[in-house]
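This report concerns only the one structure given below.
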Amino acid sequence: MITVKNIAKSFGKVEAVRDVSFEAPDGRITGLLGPNGAGKSTTMRVLYTAVRPDSGTAFIDDIDVTVDPLAARSHLGALPHGSGLYNQLTARENIAYFADMYGVAKDIRDERVQNIIDLLEINDFADRRTKGFSQGQKTKVSLARALVHEPKNVILDEPTNGLDVMATRGLREVIRKLRDQGKCVLFSSHIMQEVAALCDDIVIIANGQVSMIGSADEIREKTGCDDLEDAFVEAITLTEGAA
Amino acid sequence: MSLFGTVVLKEIKDNFRDRRTMMSALIFGPLFGPIVFAAVISLTLKQATTAAEEPLPVAVVGAEHAPNLVTFLEQQDTELERLDLDPDSAVAAVRSGEEELVLIIDSAFGDSWSVAETARVSLVLDNSDNSTSRYARRARAMIGAYSSQIGAMRLLARGIDPTLANAIRIDEIDTSTPSTRAALLLGMLSYFLLFSMLAGGMYLAIDATAGERERGSLEPLLTLPVSRSTLLLGKLTATVFFMCTSLVIALIALSLVLGRIPLQELGMSVQFGPKEVVTAFLVMAPFALIGASLLTVVTSFTKSFKEAQSYTTFAMLVPTLPILIAAVMNLKPSLEWMVVPSMSQHLLLLDLVKGETLQPLFIAVSVGSSLVLGALLSWVAIQLYKRESLLM
């Protein structure tokens, strides 16, 4: 379970996040939807403690990210935007490295690595060096290493970027599997249809602020738009008008 | 295994598989020095031996005007060639490179000689040619020797002690032992060794910061429940490991090269056996920490691999400065210089190859000061790695 409470973060004069609060419960997929530059990535970075909020805080399973970032990170599997792999290592070695770093015990490590390879169906290229992998293969391996320690909470920052239709579908299936295992999944995207197709709850952010929270149906209702895309635009303009 | 150990092993494995890193760490870096060194020394060796041992090639125009002088020269170690040319064409022959050294004896020689006046000869040479000027020096010395021999006889014939003509005699006392002469050439050795270390660790240092950022592997790494200082210390340790590997290869290569070059012929003797290799490693290795952390500090300000590469090239010149100062000022090892990294390694190495005993105190101060500076730079590198803007 992830709880975000009134976080704000500026880089110099740029206010990347002004005031963002929401909850992502266990067993559900929560979508963070917003246009480019809305503050999605900064919010995600606060959650995996790459940046520290200027004010407000967030909790990963009741661990305050500003108080104990290491513990917060160990309860988390994160796939940052544009994740890269170590080219000279095989997919399996990339995953095993993260397993060691997450503190997965030696005796069960190889088994865990194999489990996640099976789950993501990457056996075909698991023992090849990752140099020259396709974007889809890279994303799957990046996801595998973020999940190898079986975290309760999973953060995915625009994971479908650069993926083709089949790879996107495969990824969605994996995300649903994670939800069905009872995990808390937080997923960000700037593509509305994608969020609508996958997420149980949607948090729309624009201009560093939350403009609307709800299921796809609730958002349609609140904005008075039948079409989800119109609803998204409506929600964004509401915030931007207010700002 | 500890997290630190995991990082170190991963970095070593990752970079061992990277051809660029391996070439630079195990081949170019360590072998560049010994190869250049061998080339320079054998060239010097060739020049020195040819000039000293070859018979002096000299052509004589007008030999018939001074038969005794010519006979004297022929008795010396010369290859004398009699030319039938007029003086002008003799000069032209030297200018065109056809002849190297021509001695012109004109017809007035015999007249002056017989009345005991100073007789003239002309030596035609091209002074801008290094080997010719060495030949000319030998020719002058031979003719000079003949001249003083005859001069002394003339004085004796007049009942005068020839030593009266020499008011002062200079005796040169050369304090250079064969080894110290070698040390002059070996002065550049320490830079080669420092260079091989820096080249060995360069790619790894770049990879740790700019490289990871460029590949996009940095941010996932930072999502791990591992402190950034552990990550950076692991990377630094792997860099130090590569630098030390390069150093070992360079030292062994150097030991083999020095063993094969006939330095005795130059009147030099150099000690560089297994014992010296080990001592040199102990003296030089602490510099690896400075090198690794210096390169990491420099690269943490850069955004891309390319940018990092151009900055590290400059950073690699920094350690040459103290060596240059030591060489120019001809410094000798002393306690205060042992505090200056790279200079202390240079001075100690110089003493080592000269076959002198190193003072344990000097080694301790050199190692200690290098480690302290290395630790300081590592601390700076860690602080830079902890910045939020590392990701931006």
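Lettering follows sequence order; numbering is per chain, from 1. These figures come from a predicted structure and were not determined experimentally.
The greatest number of non-hydrogen atom pairs below 4.5 Å with chain A, out of B:N15, B:L218, B:L221, B:L231, is found for B:L221. Note on A:H81, A:H75, A:K9: by heavy-atom pairs under 4.5 Å with chain B, the leading option is A:K9. For the options B:G216, B:P225, B:S389, heavy-atom pairs under 4.5 Å to chain A are most numerous at B:P225. Most heavy-atom pairs under 4.5 Å with chain B: of the set A:R52, A:R145, A:H149, A:R129, this distinction falls to A:R129.
Residue A:D157 holds its CG atom at 7.5 Å from CD of B:E219, rounded to the nearest 0.5 Å. For the atom pair B:L222 CG and A:R73 CZ, the distance stands at 7.0 Å (nearest 0.5 Å).
By the 4.0 Å N-to-carboxylate-O rule, A:R45 lies too far from B:E388 to be salt-bridged with it.
For a residue to count as touching a neighbouring chain, one of its non-hydrogen atoms must lie under 4.5 Å from one of that chain's; by this rule B:L224 touches chain A with backbone and side chain alike. Looking at A:K138, neither its backbone nor its side chain comes within 4.5 Å of chain B, counting heavy atoms on both sides. With a threshold of 4.5 angstrom between heavy atoms, B:L390 does not approach chain A through any atom at all. For B:E214, no part lies near chain A; criterion is any non-hydrogen pair under 4.5 Å.
Results of the side-chain contact (heavy atoms from CB on, under 4.5 Å) test with A:Y97 over B:D14, B:L9, B:V7 single out B:V7 as the only residue that passes. Exactly one residue among B:T6, B:T230, B:T223 makes a side-chain contact (heavy atoms from CB on, under 4.5 Å) with A:M101. That residue is B:T6.
For the residue pair A:D100 and B:L3, the shortest heavy atom distance occurs at O-CD2, 3.7 Å. A pairwise comparison of heavy atoms in A:Y86 and B:S217 identifies CE2-OG, 3.7 Å as the closest pair. Annotation for B:S227 and A:L70: closest pair N-CD2, 3.8 Å, computed over non-hydrogen atoms.
With hydrogens and angles disregarded, no donor-acceptor distance shorter than 3.5 Å links the side chain of B:R17 to the backbone of A:N87.
Contact of the A:L89 side chain with the B:K10 side chain is registered, since non-hydrogen atoms from C-beta on lie closer than 4.5 Å.
Under the rule for a salt bridge (charged side-chain N to carboxylate O under 4.0 Å, His left out), the partners of A:E15 that lie at least two apart in sequence or sit in another chain are A:R18.
Summarising the local packing, CD of A:E173 is surrounded by 12 or fewer heavy atoms from other residues, nucleotides or ligands at distances under 6.0 Å. Counting non-hydrogen atoms of neighbouring residues, nucleotides and ligands closer than 6.0 angstrom, the CZ atom of B:F305 exceeds 12 such neighbours. In this structure, A:K131 places its NZ atom where only 12 or fewer heavy-atom neighbours from other residues, nucleotides or ligands lie under 6.0 Å away.
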